[in-house]
Amino acid sequence: MFGAGNQGRSGSRRARLRRAAALALVGAVLTGAAACGGDGAADGDKGGKDARTDGKAPASTPADADAESAASAGPGESGTPGTSGGSGALSQRDLTALAFTDGEKIGKYTAGEFSLGEPQGEDYTADPATCQPLVSLAKGATAFDPASEVHRNVDVAEEMVGTTVAVQLRSYNGGGAAGVMKALGAAGKACAGGFVENRAVAKGQYLKVEPVKAPDHGDEAQAYRFTILDVKGTLKLYEYLTVVRSGATTLSFRADILDTKDIGKVPEEVITAQWKKFEAASTR
């Protein structure tokens with residue numbers, strides 16, 4: 001997700017252009033973390049029996065089988081955050097109103113829209129496929145597709161090399177949100193020893209998946225630390241993922257940095273600010 005900053009905010013355009021230049025330079029070494037591959041192979045090479053090139057996980061995986069049971073649980077009040085499962089997804093308009101706005105300030109960070117489309121989209125797949133929820137929660141990642149979704153990029157505009165957070169809100173029908181969380185939990189356990197991420201032109205080697213402390217928000221939350229091998233197979237990079245579920249909606253935060261530095265966690269101020277905005281607006 002490195003380099004996916006918003007170019008639309010006029011006040012920070014120059015800083016973001018400087019950041020883009022830095023990304024081009026540093027990318028030669030780090031290749032955007034998850035896009036890095038220990039073997040440097042292209043996706044045209046065989047990635048494994050479970051690898052997919054159409055951006056979707058197989059129709060049935062162990063994680064999806066577990067998740068199906070969540071969908072059969074009794075749904076909560078339609079579209080209302082804070083219920084057990086949520087039977088009705090929020091509309092695109094309503095979900096957008098709960099997300100950060102373009103240019104919104106969160107402490108030293110600034111939120112913006114992604115100029116290159118959805119980060120970690122359907123073209124990101126995992127081998128084995130059970131690990132897919134750790135790579136992306138886009139359509140096809142689990143047995144449950146979001147009915148609406150909003151994506152925001154959060155970073156420090158003046159920093160050429162700094163922490164970037166992809167904030168993604170997705171809302172589901174039925175017990176889909178709870179099913180996604182169950183699939184994510186299953187992936188966290190099954191893929192603790194690592195897996196391969198496939199992109200259009202590269203493979204990324206995840207060496208380790210570790211659970212870390214999750215925030216006390218919503219109905220449930222999970223958080224993970226990823227150790228990833230760089231393109232030369234010598235440097236270790238670190239990325240963090242936190243996902244919070246509230247009723248029929250999930251709030252996902254994926255943080256990384258253009259450096260070998262371990263940032264320790266997704267910035268708390270970003271998670272807290274988005275949660276408070278989501279919680280306040282959705283309960284009016």
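No hydrogens, no waters, no symmetry mates; every other heavy atom, side chains included, goes into these values. Position 1 is the first residue of the sequence; numbering continues from there.
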Within-4.5 Å side-chain heavy-atom neighbours: Thr242 and Lys265 | no
Compare all side-chain heavy atoms of Leu237 with those of Thr260 and state whether any distance is below 4.5 angstrom.
-> yes
CD (Gln92) with more than 12 external heavy atoms under 6.0 Å | yes
Within a strict 4.5 Å, meaning less than it, do heavy atoms of the Gln168 and Glu149 side chains meet?
-> no
Compare every heavy atom of Val154 with every heavy atom of Val167, then report the nearest pair and how far apart it is.
-> CG2-CG2, 3.8 Å
Quick one: pull up NZ in Lys236 and OG1 in Thr227 and give me the separation to the nearest 0.5 Å.
-> 6.5 Å
Report yes or no: does Ser246 contribute a side-chain atom to a donor-acceptor pair with the main-chain N or O of Thr249 at less than 3.5 Å?
-> no
Tell me, yes or no, whether the heavy-atom count around Lys213 atom NZ, taken from other residues, nucleotides or ligands under 6.0 Å, exceeds 12.
-> no
Would you call Val180 and Pro133 a side-chain contact if the rule is heavy atoms closer than 4.5 Å?
-> no
Side-chain contact test, heavy atoms from C-beta onward, threshold under 4.5 Å: evaluate it for Ile228 versus Glu197 and give yes or no.
-> no
Without swapping roles, check the side chain of Arg245 against the backbone of Gly247 for a donor-acceptor pair under 3.5 Å.
-> yes
Any side-chain heavy atom of Gln274 sitting closer than 4.5 Å to one from Phe253?
-> yes
Euclidean distance, Arg225 CZ relative to Leu241 CG, rounded to 0.5 Å = 14.0 Å
Do NZ/NE/NH1/NH2 and the carboxylate oxygens of Lys277 and Glu104 come within less than 4.0 Å?
-> yes
Interatomic distance, OG1@Thr163 vs CG@Asp155, rounded to 0.5 Å, equals 9.5 Å
Heavy-atom nearest pair, Ala111 first then Phe100, reads CB-CB, 3.6 Å
Below 4.5 Å, heavy atoms only, C-beta onward: do Tyr240 and Asp262 meet side chain to side chain?
-> yes
Apply side-chain contact (heavy atoms from CB on, under 4.5 Å) to Leu184 and Tyr224, showing your working.
-> CA-CA 10 Å; Leu184 179 64; Tyr224 298 94; 4.0 Å; yes
Candidate pair Thr96 and Arg152, rule side-chain contact (heavy atoms from CB on, under 4.5 Å), full reasoning | CA-CA 10 Å; Thr96 300; Arg152 295 289 183 262; 3.9 Å; yes
Atom CD in Glu159, atom CG in Leu258: separation rounded to 0.5 Å?
-> 11.0 Å
Hey, does Arg170 have a side-chain heavy atom less than 4.5 Å from the side chain of Phe144?
-> no
So CD of Glu269 and NZ of Lys276: to nearest 0.5 Å the spacing works out to 11.5 Å
Could you tell me whether Asp127 and Lys203 have a side-chain N and a carboxylate O separated by less than 4.0 Å?
-> no
List the atom of Ala221, the atom of Pro215, and the distance in Å for their closest heavy-atom pair.
-> CB-O, 3.5 Å
Between Asp256 and Thr164, does a side-chain contact (heavy atoms from CB on, under 4.5 Å) hold up when you go through it step by step?
-> CA-CA 6 Å; Asp256 58 21; Thr164 300; 3.9 Å; yes
Checking side-chain contact (heavy atoms from CB on, under 4.5 Å) for the pair Phe195/Leu134: CA distance, chi angles, key distance, verdict?
-> CA-CA 10 Å; Phe195 63 93; Leu134 298 170; 3.9 Å; yes
Which disulfide bond (SG atoms under 2.5 Å apart) pairs, counting each pair once, include a residue from residues 149-197, with sequence neighbours left out?
-> Cys131-Cys191
Donor-acceptor under 3.5 Å (Gln222 side chain, Lys182 main chain) = no
Can you see which heavy atom on Tyr172 is nearest to which on Leu137, and at what distance?
-> OH-O, 4.1 Å
Where do Ala273 and Ile106 come nearest, in terms of heavy atoms and distance?
-> CB-CG2, 3.6 Å
Sidechain-backbone polar pair: Asp259 side chain, Gly162 backbone, donor-acceptor under 3.5 Å | no
List the atom of Gln132, the atom of Tyr124, and the distance in Å for their closest heavy-atom pair.
-> NE2-O, 2.7 Å
